[in-house]
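Order of listing sets the numbers, starting from 1, for every ligand and every atom in it.
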Amino acid sequence: MPEGDATQRAPVEAYLPANTDELVSLYDESFHLTECSARHRHTYAVDSLVDATLWHVYPELLAPSTKSAVDFVLSSGLPRNVEVANAKTGDRRTLTVFRSPHGLGVVEADDMSSLRGTYSQGENDRALLFHQATHDVLTGLPNRRQFSDQLRSALPVSKGARFALMQIDLDDFKPVNDTLGHGAGDTVLKMAAERIRSVLGEHEIAYRLAGDEFAVIQQRASQPREAERLAEALVGAFKEPFTVEGINVFVGASVGVAIAPADGNEFEQLMKAADIALYAAKKDGRRRARKFSRSMLMVLEQRETLRRSLRTALKEGQFFIEYQPLVQPPFSIVGFEALLRWRHPVVGIIPPSIFIPMAETDGLMREIGQWALEQACREAMSWPEHFTVAVNLSPAEFLHEGLTDRIAQTLDLVGIRADRLELEITESVLLERTINNLDTLNTLKMLGVQISLDDFGTYYSSLSYLKNFPFDTIKIDQYFIKDLEIDEKSQTIVRFIVALAHGLGMSVTAEGVETAEQATLLKKTKCDRLQGYFLGKPIPTEEIGTFLGKLRPPVSLENFLISAPTQSLNPRRM
Ligand code: C2E
Ligand code: MG
Ligand code: MG
């Protein structure tokens, strides 16, 4: 780390593969001795040397054959065993030369006589051990330990100096691991590391921190210009798909950038800034880079405030449910989907896409989900008896032990018929724990509740789920409905899903139906149920009576479409 201050460096012990009783010495990038073990200091009388360098201590390394080994270690980051001969005595020794955080390190074997003449296995093992301790085995990149050593030693920066820290997180990596297996996941990680490395220049080092998290430290002074350029190059390196076992997988990269000292001049502070920037990149749609700014911090603080108030929201009765009609063509309402909302006393109404992920990470979702289930069932008791109520289950609720007991108890407590309750789960739930999932779904079926696969088509849409799990209904995601009138491919996909579901004895609901044309097409395609703003927006329970009243006498969807093709059936729009 060229701009690092020697006084900030971690102690020599941090870089030693074995005990400090060895002959270990560390040098900076201009080969000046910076640290050494006590034994080395004594053996080489280091204190008597003025401005000791690697070449003073080991003049043998200056020979052309050994000098090239030193250059190799510096450029590749890989350790090398170098055999040297003492010019005066002819004694041969093996030195393990390795890349240290600030330049080079050298370890000499304990028992020199045992090393004479050949490379020893012990030395090779030592080199390997050191490399393993500081590098990631899979990708060959320096690991988290190296990363934090180097980052810590670079901070605080000396006056006038600047450098950039980038946190990189892969987008959509988990589904690759989950669906194609860990072998494929490892291949993608290796290729990802290669792509990251391919855009790096001088003074730019990449690290693998964990899983699909990487980092880059860029020691260049023209900041933030250089960082912005590199961050864009990193994102760009992931534009093309990865081909694994003949399959193209699209894994992107999100990058968060923080500049020292402007965004932080201490380890924790700079890491947090890069983390916040990475979070912003993810929030803004992923596959992009963001540089840290103070306003991000404000957004985060607001989120934190929101998150804290979520803890008391349930107690204070701030949740309520809106119901969106499920319509069977020709137009007849068969039920409603319960959609949870949070009425925050200051912020106003907050959609589930904001607070459910928070509740999930904070472990609050089970309690909130139980409230929603019970409330929806209770409210459904006041509707006509043949109406079903669909309740969404989040992964945290579904995967929690005791879900089936909880559902059975709720049915008993509220006194609602089991076949009126429909549970909506998404595919992501099924990716987690396949065998127990099947048990859970089968038990729910035995209770008599119906099960829908929500948002079908958006994730990996593995057909094996349809074969193995007992769904009653598949809900086609709005993504395929929104351009149905103009996109023939969407039409083909919808036709295919309907045929597939019917062939498997399942029914199909289309989500997000917004226009009369979409409704007509879906009806022609033999879609069993429709849901969307065209047929009715989500409404509070108190409005359901009025909604149903306004629709009486029943209007056939066909008639309705002929007489008023551009209007909505939603009473709010009528
Ligand atoms: P979802 O289950 O796929 O619900 C459908 C979402 O699409 C709802 O958004 C609904 O308001 C919206 N929508 C319906 N028709 C249309 C349309 O024609 N056009 C457009 N653009 N959107 C339409 P909402 O209410 O924001 O809910 C979002 C997601 O939050 C739901 O997706 C569901 O996954 C989750 N969610 C909602 N309530 C609950 C709950 O009680 N528990 C759990 N675990 N998740 C819930
Ligand atoms: Mg749903
Ligand atoms: Mg959905």
Peer 1: Ion pair present between D212 and K174, side-chain N to carboxylate O less than 4.0 angstrom?
Peer 2: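 Salt bridge absent between D212 and K174.
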Peer 1: Testing the 3.5 Å rule here: is there a donor-acceptor pair between the side chains of T410 and Q370?
Peer 2: yes
Peer 1: The Mg ion (ligand 2) to T426: any N/O/S contact under 2.8 Å?
Peer 2: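 Under 2.8 Å: T426 has no N, O or S contact with the Mg ion (ligand 2).
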Peer 1: Looking only at the side chains, is there a donor atom on one of T426 and D455 sitting less than 3.5 Å from an acceptor on the other?
Peer 2: no
Peer 1: Is there an N/O/S atom in D455 at a distance below 2.8 Å from the Mg ion (ligand 2)?
Peer 2: no
Peer 1: Is the Lys NZ or Arg CZ of R287 less than 6.0 Å from the centre of F238's six-membered ring, within 45° of the axis?
Peer 2: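 Judged by the rule (NZ or CZ under 6.0 Å from the ring centre, within 45° of its axis), R287 is not positioned above F238.
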Peer 1: Right, does atom 9 (O) of ligand 1 have protein non-hydrogen atoms nearer than 4.0 Å?
Peer 2: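 No.
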Peer 1: What about L340: any of its N or O atoms under 3.5 Å from an N or O on ligand 1?
Peer 2: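 Yes; the residue has a nitrogen or oxygen that sits under 3.5 Å from a nitrogen or oxygen of the ligand.
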Peer 1: Spell out, as yes or no, whether a donor-acceptor pair under 3.5 Å connects the side chain of Q518 to the backbone of T515.
Peer 2: yes
Peer 1: Quick check: of its N, O or S atoms, which one does E511 have closest to the Mg ion (ligand 3)?
Peer 2: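 Checking each N, O and S atom of E511, the shortest distance to the Mg ion (ligand 3) belongs to OE1.
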Peer 1: Could you establish whether E337 and ligand 1 come within less than 4.0 Å of each other, counting only heavy atoms on the residue side?
Peer 2: yes
Peer 1: Is E322 salt-bridged to K537, going by a charged N under 4.0 Å from an acidic O?
Peer 2: no
Peer 1: Using non-hydrogen atoms of the residue, decide whether K537 is closer than 4.0 angstrom to ligand 1.
Peer 2: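 Judged by the 4.0 Å heavy-atom criterion, K537 does not count as contacting ligand 1.
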Peer 1: Is the Mg ion (ligand 2) less than 2.8 Å from at least one N/O/S atom of D454?
Peer 2: yes
Peer 1: Cation-pi check for Y279 against K282: NZ or CZ below 6.0 Å from the six-membered ring centre and within 45 degrees of the axis, yes or no?
Peer 2: no
Peer 1: Between R341 and ligand 1, which residue portion shows a heavy-atom distance shorter than 4.0 Å: side chain, backbone, both, or neither?
Peer 2: side chain
Peer 1: Between S394 and E360, does any side-chain donor sit less than 3.5 Å from a side-chain acceptor?
Peer 2: yes
Peer 1: Heavy-atom distance to atom 4 (O) of ligand 1: which of L339, I321, D455 wins?
Peer 2: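 Nearest heavy atom to atom 4 (O) of ligand 1 lies in L339.
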Peer 1: Quick one: look up the protein heavy atom nearest atom 42 (N) of ligand 1 and list residue, atom name and how far away it is.
Peer 2: N392 O, 3.3 Å
Peer 1: Of the listed options (I356, L393, V391), which comes nearest to atom 35 (C) of ligand 1 when hydrogens are ignored and any heavy atom counts?
Peer 2: I356
Peer 1: Do you know which N/O/S atom name in E337 is closest to the Mg ion (ligand 2)?
Peer 2: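 The atom in question is OE2.
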Peer 1: Pick whichever of Q375, Q531, E424, Q324 has a heavy atom sitting closest to atom 15 (N) of ligand 1.
Peer 2: Q324
Peer 1: Does G512 come within less than 4.0 angstrom of ligand 1, counting non-hydrogen atoms of the residue?
Peer 2: yes
Peer 1: Distance alone, cut at 3.5 Å: any donor-acceptor contact between the side chains of Q531 and T509?
Peer 2: no
Peer 1: Hey, is E337 close enough to K475 for a salt bridge, meaning N to O under 4.0 Å?
Peer 2: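 The answer is yes: the pair qualifies as a salt bridge.
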Peer 1: Under a heavy-atom criterion of less than 4.0 Å, does P351 contact ligand 1?
Peer 2: no
Peer 1: Of the choices E514, K482, Q478, which has the non-hydrogen atom that lies closest to atom 19 (N) of ligand 1?
Peer 2: E514
Peer 1: Any protein heavy atom lying closer than 4.0 Å to atom 13 (N) of ligand 1?
Peer 2: yes
Peer 1: Would you confirm whether W371, through its side chain, and E367, through its main-chain N or O, come within 3.5 Å as a donor-acceptor pair?
Peer 2: no
Peer 1: How wide is the angle at the Mg ion (ligand 2) spanned by E424 OE1 and N392 OD1, rounded to 10 degrees?
Peer 2: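 OE1 of E424, the Mg ion (ligand 2) and OD1 of N392 span an angle of about 90°.
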